Protein chains: 2
Amino acid sequence: MRRPEDRPAALANRRGDAGAEGQDLPEDGGSEESHGLEDEVDASTPESRRLHALLIEFSRYRSLKNPLAGICEDLQLTPTQMHALSWLGNDGPVQVGVLAQRVGITRKTITGVVDRLESMGLVERTRDVEDRRAVVVRLTQPGSNVFARIDRGLDASLRRVLDLMGPEDRDAVFGILERMLARLTAEAEAADDDSQAG
Amino acid sequence: MRRPEDRPAALANRRGDAGAEGQDLPEDGGSEESHGLEDEVDASTPESRRLHALLIEFSRYRSLKNPLAGICEDLQLTPTQMHALSWLGNDGPVQVGVLAQRVGITRKTITGVVDRLESMGLVERTRDVEDRRAVVVRLTQPGSNVFARIDRGLDASLRRVLDLMGPEDRDAVFGILERMLARLTAEAEAADDDSQAG
DNA sequence: TATTGTTATACTCTATAACTATA
DNA sequence: TATAGTTATAGAGTATAACAATA
C-alpha cells in the first residue's frame, strides 16, 4: 500500500464517517492493478439486470437531468465548479486536497479549478495555520450566494423526482435510503476497525 | 420565449422517435431566458430537504461511484466516451446528432468524440441512405466487445447498490421505480397529445 | 431557407511529471 | 524522506461561430 495517509486523511476531517474515501484516486501511480472487473464479470443477476434496464429507461428522459444543466447555464459555471462549490457550502472551509477528494479529481487538477473560482471571486485561499504546507479554501460571500442558488436548484430537481411518487412510495423510499445508509456506515466502520486491528 | 418547443420536446421524445429530440440542447442560442429557477426558489419542502440531505450523505461514500471510474480506467476511456458507447450499444446505430442528444452534448462536440472513438476503431461512420446530409454511427466488433465490458461493469455497480438492501426493500424499489416510470411515460404522452392537439 | 455535420477557435477539465515549501 | 500544493505540458471535453452539403 503506497498511501498510508489517505484513509486517515479522509477520516480526519468533517465528521467521523466518510471512511473509505479517496484511497482510490489515481493520485500517485497504482493504476495497474485490476479493479476486480474480471472477477465479477459473470455475476450478473436477474435483479441487477432489471435495475439496469429500468435506469436506462429513466435516462432517456432528459427532463430529469436538465435542471442540473440549467443551473450550470444560469450561473455560467461548469459542472466541476458547481460540484466544488457544493462541497464547500456543505462542509465549510477545507484543505485543497480534501476538496479534490470530494469532487473526485486529483490535487493537480483541483488547483486550476480553484484558480478559476478564485478569479471569479467565489472562493478564497488561506494558509492552514496548523500545517503551513496546506492551503484552506473557503467560500466568499458572493460564493455563498451562488452556493445558495445551486442548493435551491438541486432542491428543485429533487422535488421533480419526488413528484413522480405517491406519498406512500415517498415514505418507503426514505426508509429504504436510511437503511442503506446505515449499512454503508456499518461497512465503513467495520473496514475501519479492520484496518486498525488487523 | 425563444424556444416554444422546449417543454414538449423534453418530454415528447424518448425511444424510437429521435425526430422530436434535442431541441432543448443549447444548440442555437437561447441561453438568456431563465430556467424557472427563480420561480421555484422558495418551494423547498421538508421532503425535498430530507432527500437532499440523504443524498449528500451517500455521495460521501466514494466506494459507490468508484466502480464507474474503475471501468474508465481499465478501458482507458473517458466518461463521455463510455457514455457514447453505452448508448450505441443500447440503441444500435443512430445519427450523430441523435447520439449527441443522448450523451447530452452539442453536435459540434460529438464530432470530436466520435472522431476519437473512430480512430480507436471502436465505432464507424456511414452516410445515412435516406437523408444524405446525415451520418450514422455504429459500433464495430471491437466496439461491441468494449460495450459488453462497460455493461458488465455497470451491472457490477448496480449489484453493489442492491447488496445494500434487504430482499423486501429491493422488491419495493422495483415497484416504486416502475410506478415512477409509468408516471413519466404518462406525462410524456399527455404532453405529446397536448402539443399535437392544441 | 432550414438542417446535418464538420472545421476553427478558445476555454475548461484532467492527468502526468517536475518543482517548492513544509513536516 | 514524505506530504501539500503549484507550475508546465498535453490531450480530451465543451461551446460558439463559420462553413459545406443536402433537403
Side-chain angles (χ1 to χ4, degrees), chain A residues 1-10 12-13 22 24-32 69 72-73 75-84 94-101 103-120 125-137, chain B residues 5 18-23 25-32 69 72-73 76-84 94-101 103-120 125-137:
Chain A
M1 289 313 189
R2 212 181 264 100
R3 291 183 294 144
E5 89 294 334
D6 57 1
R7 204 152 22 300
N13 52 58
D24 35 34
L25 266 183
E27 182 65 51
D28 11 34
S31 57
E32 291 100 292
C72 283
E73 235 181 289
L75 302 177
Q76 286 292 296
L77 295 171
T78 68
T80 300
Q81 290 165 349
M82 260 184 39
H83 201 174
V94 288
Q95 289 187 7
V96 170
V98 173
L99 181 59
Q101 286 165 2
V103 177
I105 59 184
T106 63
R107 272 181 294 168
K108 298 97 176 178
T109 303
I110 198 70
T111 297
V113 175
V114 173
D115 279 349
R116 285 177 281 271
L117 289 173
E118 194 172 27
S119 73
M120 291 184 234
R125 282 188 245 229
T126 52
R127 276 282 154 198
D128 189 328
V129 288
E130 295 178 7
D131 182 346
R132 295 191 50 74
R133 294 173 303 179
V135 171
V136 170
V137 210
Chain B
E5 81 288 351
E21 261 187 276
Q23 284 93 320
L25 272 181
E27 181 67 50
D28 10 39
S31 57
E32 288 100 301
C72 283
E73 235 181 288
Q76 285 293 295
L77 295 171
T78 67
T80 301
Q81 290 166 348
M82 260 185 38
H83 200 174
V94 288
Q95 289 187 7
V96 170
V98 174
L99 181 60
Q101 287 153 9
V103 177
I105 57 184
T106 63
R107 271 181 294 167
K108 300 96 174 177
T109 303
I110 198 70
T111 297
V113 175
V114 173
D115 280 349
R116 285 177 281 270
L117 289 174
E118 194 173 27
S119 72
M120 291 184 233
R125 281 188 245 230
T126 53
R127 276 281 155 200
D128 189 327
V129 287
E130 294 177 8
D131 183 345
R132 294 193 49 75
R133 293 174 303 181
V135 171
V136 170
V137 210

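Chain letters run A, B, ... following the sequence lines, proteins first, then strands; residues in each count from 1. As the structure is a computational prediction, the values presented were derived from the model and not from experiment.
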(request) By nearest nucleotide on DNA chain C, pick out whichever of A:Thr80 and A:Arg127 is the more 5' one. (result)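 Looking at the nearest nucleotide for each, A:Thr80 comes out on the 5' side.
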
(message) Nearest heavy atom decides the nucleotide; on that basis, is A:Val113 or B:Val135 closer to the 5' end of DNA chain C?
(response) B:Val135

Return the value, rounded to whole Å, for the distance between atom [atom1] of [X] and atom [atom2] of [N].
| X | N | atom1 | atom2 | value |
| --- | --- | --- | --- | --- |
| B:Leu117 | D:dG13 | CG | P | 8 Å |
| A:Gln76 | C:dT12 | CD | P | 11 Å |
| B:Ile110 | D:dA12 | CD1 | C1' | 13 Å |
| B:Arg116 | D:dG11 | CZ | P | 11 Å |
| B:Asp131 | D:dA20 | CG | P | 19 Å |
| B:His83 | C:dC13 | NE2 | P | 20 Å |
| B:Lys108 | D:dA17 | NZ | C1' | 8 Å |
| B:Ile105 | C:dC11 | CD1 | P | 21 Å |

(message) Any base atoms under 4.0 Å from B:Arg125, or only sugar-phosphate, or nothing? Heavy atoms, all strands.
(response) sugar-phosphate

(message) Between A:Val135 and A:Arg127, is there a side-chain heavy-atom distance shorter than 4.5 Å?
(response) yes

(request) Using a 4.5 Å cut-off on heavy atoms from C-beta on, say whether the side chain of A:Leu75 contacts that of A:Gln81. (result)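 They are not in side-chain contact.
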
Ignoring backbone atoms, establish whether [X] has a side-chain N or O less than 4.0 Å from OP1 or OP2 of [N].
| X | N | result |
| --- | --- | --- |
| B:Thr109 | D:dG13 | no |
| B:Gln95 | C:dT3 | no |
| B:Thr111 | C:dG5 | no |
| A:Arg133 | C:dA21 | no |

(message) For B:Arg132, is the CZ atom crowded, meaning more than 12 foreign heavy atoms sit under 6.0 Å from it?
(response) no

(request) Can you see which heavy atom on A:Cys72 is nearest to which on A:Thr78, and at what distance? (result)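 What the structure gives for the nearest pair is SG-C, 4.1 Å.
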
(request) Can you see which heavy atom on A:Ala100 is nearest to which on A:Thr106, and at what distance? (result) CB-O, 3.8 Å

(request) Report the nucleotide, chosen from D:dA4, D:dG13, C:dT4, that has the shortest atom-to-atom distance to any side-chain atom of A:Ala134. (result) D:dA4

(request) Could you check which of C:dC13, D:dG5, C:dA23 has an atom nearest any side-chain atom of A:Thr78? (result) C:dC13

